[in-house]
Peer 1: 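This structure is in C-alpha cells; I'll ask about it shortly.
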Amino acid sequence: MPVSVLESALFKDMFGTDAMRAVFDDAATVRRYVETEVALARVQGRLGVIPAQAADAIAARADAAAIDMEALRIETEIVGYPILPLVHQLSRICGAEGEYLHWGATTQDIMDTATVLQVRDALEIIDADLTALDGILDKLALQYRDTPMAGRTHLQHALPITFGYKAAVWLLMVRRHRERLAQLRPRVLIGQFGGAAGTLASLGDQGLAVHAALMQELGLGATPITWHVARDGLAETVQFLALVAGSLGKIAVDIMLMMTNEFSEAFEPFVKGRGASSTMPQKRNPISCELMWSASKTVRQHAGLALDAMLQDFERATGPWHIEWSAVPEAFVLTAGALHQAKFMLGGLEVDTARMASNLDISGGLIVAEAVMMGLAPHIGRQTAHDVVYDACRAAATSRRRLADVLKEDARVTERLDGTAIERLCDPANYLGAAPAMVDRMRAYSLSGRA
C-alpha cells in the first residue's frame, strides 16, 4: 500500500501528473541507465577503447524492457545501488560481448547521467507548463487592466489597484521563472563520467576523449572536471522548483482570500461537487489553491534537503547522495502538480468585478484619503493636508459617513476645493496611478528583462 500521496491511487493526480511521474518512475529510470551504458559502449567502440563488434552487439541487444525488475530490486537491496545488478543482467542479455559493458565507469557515473537525462525531460515539462501559465496570466492582465479593486496591505485597504495589475504581478514571477529556467539549463544539463575517483585513470590517455564523446552522444554538456561531489547543479534545480512552487503558493493565498465570503471577488472554476463539504452544502472550498499552497510548503523542504546533499565528503560521499534520490523526483512531481492546478484554476478563474467595486467602496472613500491629501497639499502644505484629511477620516469612520461628505463640511477643504473636485478626488477609479500602464509594461516584458 502506498505511503506517499505521490503514489496513492486516491491522491496522486491531485499532487502530481502522469507526465512527470513517467519521467521518474522505475521503468524510465532503468531505461536511462541502459541508455547511458549503451552510449558509453558505442563511443568507446568508435574510439577503439573496446572492440567495435562488442559495441555494436551491446547497442543491438541491451534492452531495458528485458530487465527482470524483481531480480534487480532484490540484488539492489543487497548491493545498495542498482548499477552492478543491472550490469549483471545486461551482460547476460548481450552475451560474450557484454563483458565490455561499463568499461571504465563507476556506478555514480551512470546514475548521475541518467538523473540528468531525466531532469532534462522534466524541465521540458516545467517549461511548457510555465509557458502556458504565462499566456493565461497575460490574458487576465489584459482583460482586467482597468478593473478597479481594493489594494490591500497588512490585510487592510491601502490604495486602489486593478485586478489586471494583480495578475501582472503574478505574471512577473512566472516570466522570471522562465528566464531562470533558460539560464540554469547549461549549468545543470551536464553529464557525469569520471570513473572510480573521478580521474578516469582506468582509461589511460583516452579518458578525456571518451568523456567528450559520451556527452556529445547523449546531447549533454560537460564540465572540465568530474562533479561527483560538486552537487550544486542538482541543488540549483531543486531551488528553482521551490521558487516556482513558492510563487504558485503566493497566488493561491491571494485567490483563497478572495474566495472568502467576506471578499467574494474571485473564484476557482465551478465544477459540480468540487470543493464540496460532507456536511455543509453551501461550501465551495478552494481546492486547487490548497494543493498549490501545500506543494509550495513541501517543495521548500526538498530545497533544504538538496542543500544538505551538497555536503559531501572527499571524492565520493558516504550518504548525502541518497538524499537526492527522493528530493529531485519528488520536487519535480509536486511542482508539476502545482502547475497543473494553477493552469486549471487561473484558466477558468471566475472574477466578480461588481463585488470588487462594492468592496472598493466599502470604506466610503477612505481608501483614497491619500488622493485627497495630495490634492490639498499644493494649497495648504503636505503636513497640514495630512492632518486635515486624518481628522476627516476619523470623523467619517466613527460616523459611518462618506469621506467626501465629511470633507464638504470642512472649511479648510472647501476654501480650496469645490464639491466636484472633492468627489473626483474621492473616486477610487481616478486614483489608479500607473497600474494600467504597468500592466502594459509587464505584458511587453521579454525574457531578457527588457520590454
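Just so it is clear, the model here is predicted, and its values are computed rather than measured.
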Peer 1: Report yes if the side chains of Val49 and Leu203 come closer than 4.5 Å at any heavy-atom pair, otherwise no.
Peer 2: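 A side-chain contact exists here, since the closest heavy-atom pair is under 4.5 Å.
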Peer 1: Should Leu189 and Leu184 be marked as a side-chain contact (heavy atoms from CB on, under 4.5 Å) after you check the CA-CA gap, both sets of side-chain angles, and the distance that decides it?
Peer 2: CA-CA 8 Å; Leu189 300 183; Leu184 70 82; over 6 Å; no
Peer 1: I need the Leu243 CG to Thr335 OG1 distance, nearest 0.5 Å.
Peer 2: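 Answer rounded to 0.5 Å: 10.0 Å.
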Peer 1: Roughly how far, to the nearest 0.5 Å, is CD of Glu350 from CE of Met345?
Peer 2: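 Interatomic distance, Met345 CE to Glu350 CD, rounded to 0.5 Å: 12.0 Å.
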Peer 1: Set out, in order, the CA-CA distance, both residues' side-chain angles and the distance that settles side-chain contact (heavy atoms from CB on, under 4.5 Å) for Val34 and Thr36, then state yes or no.
Peer 2: CA-CA 5 Å; Val34 174; Thr36 304; over 6 Å; no
Peer 1: Please report the C-alpha distance between Glu315 and His228 in whole Å, then the side-chain angles of each, then the deciding distance to 0.1 Å, and finally whether the side chain to side chain donor-acceptor pair (under 3.5 Å) criterion is met.
Peer 2: CA-CA 7 Å; Glu315 282 63 57; His228 282 160; over 6 Å; no
Peer 1: What residue pairs, at least two apart or across chains, pass side chain to side chain donor-acceptor pair (under 3.5 Å) with a residue in residues 213-224?
Peer 2: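 Sorted pair list: Arg42-Glu217, Arg46-Glu217.
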Peer 1: Could you go step by step and tell me if Leu123 and Phe332 meet the side-chain contact (heavy atoms from CB on, under 4.5 Å) rule?
Peer 2: CA-CA 9 Å; Leu123 288 176; Phe332 268 110; 3.8 Å; yes
Peer 1: Tell me, yes or no, whether the heavy-atom count around Trp293 atom CH2, taken from other residues, nucleotides or ligands under 6.0 Å, exceeds 12.
Peer 2: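 Incorrect, the count does not exceed 12.
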Peer 1: Taking the side chain as every heavy atom from C-beta outward, state whether Phe263 and Leu257 have any atom pair closer than 4.5 Å.
Peer 2: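 Touching, per the 4.5 Å side-chain cut-off.
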Peer 1: Within 45 degrees of the axis of the six-membered ring of Tyr445 and under 6.0 Å from its centre: does Arg176 put its NZ or CZ there?
Peer 2: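 No - Arg176 does not lie over the ring of Tyr445 by the 6.0 Å and 45° rule.
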Peer 1: Side-chain contact test, heavy atoms from C-beta onward, threshold under 4.5 Å: evaluate it for Leu248 versus Leu133 and give yes or no.
Peer 2: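 A side-chain contact exists here, since the closest heavy-atom pair is under 4.5 Å.
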Peer 1: Any side-chain to backbone donor/acceptor pair from Asp109 onto Thr106? Under 3.5 Å, distance only.
Peer 2: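 Yes; judged by distance alone, with no hydrogens or angles, the pair exists.
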Peer 1: Can you name the nearest heavy-atom pair linking Pro148 to Ala429, along with the distance?
Peer 2: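 Here Pro148 and Ala429 meet closest at CG-CB, 4.3 Å.
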Peer 1: Does the separation of the ring centres of His322 and Tyr81 fall below 6.0 angstrom?
Peer 2: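 Here the rings of Tyr81 and His322 have centres that are less than 6.0 Å from each other.
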Peer 1: Apply side-chain contact (heavy atoms from CB on, under 4.5 Å) to Ile83 and His102, showing your working.
Peer 2: CA-CA 9 Å; Ile83 301 305; His102 202 67; 3.6 Å; yes
Peer 1: Can you give me the closest heavy-atom contact between Leu432 and Ile161, atom names plus distance?
Peer 2: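 For Leu432 and Ile161, the tightest heavy-atom pair comes out as CD2-O, 3.5 Å.
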Peer 1: Using a strict 4.0 Å threshold on nitrogen-to-oxygen distance, state whether Asp440 and Arg443 make a salt bridge.
Peer 2: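 So Asp440 does not pair with Arg443 through a salt bridge.
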Peer 1: Got a second to check how far Glu99's CD is from Ile58's CD1, nearest 0.5 Å?
Peer 2: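 Output value for this atom pair is 9.5 Å.
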Peer 1: Given salt bridge (Lys or Arg N to Asp or Glu O under 4.0 Å), test Glu77 with Arg73 step by step and report yes or no.
Peer 2: CA-CA 6 Å; Glu77 185 176 349; Arg73 180 193 68 79; 3.8 Å; yes
Peer 1: Calculate, to the nearest 0.5 Å, the distance between atoms OG and CD belonging to Ser288 and Glu268 respectively.
Peer 2: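 Ser288 atom OG to Glu268 atom CD measures 4.5 Å (nearest 0.5 Å).
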Peer 1: Report yes if the side chains of Glu370 and Tyr431 come closer than 4.5 Å at any heavy-atom pair, otherwise no.
Peer 2: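 Answer yes - side chains close enough.
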Peer 1: For Glu236, which of Arg185, Arg180, Arg187 qualifies under salt bridge (Lys or Arg N to Asp or Glu O under 4.0 Å)?
Peer 2: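 Single salt bridge (Lys or Arg N to Asp or Glu O under 4.0 Å) partner of Glu236 among Arg185, Arg180, Arg187: Arg187.
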Peer 1: Determine yes or no for a side-chain-to-main-chain donor-acceptor pair under 3.5 angstrom, with Thr113 supplying the side chain and Ile110 the backbone.
Peer 2: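 Not confirmed, Thr113 side chain does not pair with Ile110 backbone.
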Peer 1: Would you sort out whether Trp227 and Asp232 count as a side chain to side chain donor-acceptor pair (under 3.5 Å), showing the intermediate values?
Peer 2: CA-CA 9 Å; Trp227 56 275; Asp232 54 289; over 6 Å; no
Peer 1: Identify whether the distance between the nearest side-chain nitrogen and carboxylate oxygen of Arg152 and Glu265 falls below 4.0 Å.
Peer 2: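 Yes.
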Peer 1: Kindly give the heavy-atom pair with the smallest separation between Val238 and Ala331, and that separation in Å.
Peer 2: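 Minimum heavy-atom contact is CG1-CB, 4.0 Å.
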Peer 1: Determine yes or no for a side-chain-to-main-chain donor-acceptor pair under 3.5 angstrom, with Thr260 supplying the side chain and Met256 the backbone.
Peer 2: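 Pair absent, no side-chain N/O of Thr260 close to backbone of Met256.
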Peer 1: For Asp26, does the CG atom have more than 12 heavy-atom neighbours from other residues, nucleotides or ligands under 6.0 Å away?
Peer 2: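 No, CG of Asp26 has 12 or fewer neighbouring heavy atoms, counting only those of other groups under 6.0 Å.
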Peer 1: Suppose we screen for side chain to side chain donor-acceptor pair (under 3.5 Å). Which residues come up paired with Arg231, at least two apart in sequence or across chains?
Peer 2: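 Arg231: side chain to side chain donor-acceptor pair (under 3.5 Å) contacts with Asp112, Glu324.
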Peer 1: Looking at Met374, I'd like to know if its CE atom is crowded, meaning that more than 12 non-hydrogen atoms belonging to other residues, nucleotides or ligands lie closer than 6.0 Å.
Peer 2: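 12 or below, so no.
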Peer 1: Do Phe240 and Ile126 touch side chain to side chain, with heavy atoms closer than 4.5 Å?
Peer 2: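 Yes - at least one pair of side-chain heavy atoms lies under 4.5 Å apart.
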Peer 1: Using modelled atom types and a 3.5 Å cut-off, is there a donor and acceptor pairing between side-chain atoms of Asp68 and backbone atoms of Ala71?
Peer 2: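 Confirmed, Asp68 side chain pairs with Ala71 backbone.
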Peer 1: Counting only heavy atoms not in Lys139, do more than 12 sit closer than 6.0 Å to its NZ atom?
Peer 2: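 For Lys139, atom NZ is not crowded (no more than 12 foreign heavy atoms under 6.0 Å).
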Peer 1: Do Thr226 and Gln192 pass the side chain to side chain donor-acceptor pair (under 3.5 Å) test, and can you show the C-alpha distance, the side-chain angles, and the key distance before you say yes or no?
Peer 2: CA-CA 7 Å; Thr226 304; Gln192 181 83 275; 5.1 Å; no
Peer 1: Nearest 0.5 Å, what's the CD-CG distance between Gln89 and Leu84?
Peer 2: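 So the gap between those two atoms works out to 11.0 Å.
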Peer 1: Would Glu179 and Arg175 pass as an ion pair if we require N to O under 4.0 Å?
Peer 2: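 Result for this pair is no, no salt bridge flagged.
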Peer 1: Closest approach of Pro85 and Thr76, non-hydrogen atoms and distance?
Peer 2: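 Answer, listing the atom of Pro85 first, then Thr76: CG-N, 3.9 Å.
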Peer 1: Kindly determine whether Arg32 and Asp121 satisfy salt bridge (Lys or Arg N to Asp or Glu O under 4.0 Å), including the steps that lead there.
Peer 2: CA-CA 11 Å; Arg32 289 307 192 185; Asp121 290 345; 2.3 Å; yes
Peer 1: Can you tell me if OH on Tyr165 sees more than 12 non-hydrogen neighbours from other groups inside 6.0 Å?
Peer 2: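 No, the 6.0 Å shell around OH holds no more than 12 heavy atoms from other groups.
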Peer 1: State the CE-NE2 distance between Met292 and His340, to the nearest 0.5 angstrom.
Peer 2: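 Interatomic distance, Met292 CE to His340 NE2, rounded to 0.5 Å: 11.5 Å.
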Peer 1: Do Leu137 and Leu346 touch side chain to side chain, with heavy atoms closer than 4.5 Å?
Peer 2: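 Sidechains of Leu346 and Leu137: in contact.
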Peer 1: Does the side chain of Gln44 pick up a donor-acceptor pair with the side chain of Tyr100 at under 3.5 Å?
Peer 2: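 Looking only at side-chain atoms, Tyr100 and Gln44 do not form any donor-acceptor pair under 3.5 Å.
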Peer 1: Any side-chain heavy-atom pair from Val368 and Pro160 closer than 4.5 angstrom?
Peer 2: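 Of all side-chain heavy-atom pairs linking Pro160 with Val368, at least one is under 4.5 Å.
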Peer 1: Identify the heavy atoms of Gly195 and Leu200 that sit nearest to each other, and give their distance.
Peer 2: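 Shortest heavy-atom separation between Gly195 and Leu200 comes out as N-CD2, 4.0 Å.
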Peer 1: Which pair of heavy atoms, one from Phe24 and one from Thr29, lies closest together, and at what distance?
Peer 2: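 Closest approach of Phe24 to Thr29, heavy atoms only: O-OG1, 3.4 Å.
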Peer 1: How about CG on Leu208, more than 12 heavy atoms from neighbouring residues, nucleotides or ligands closer than 6.0 Å, or not?
Peer 2: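 Atom CG in Leu208 is not crowded, with 12 or fewer foreign heavy atoms closer than 6.0 Å.
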Peer 1: Counting C-beta onward and ignoring hydrogens, is there a side-chain heavy-atom pair between Ser294 and Thr298 closer than 4.5 Å?
Peer 2: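 They are in side-chain contact.
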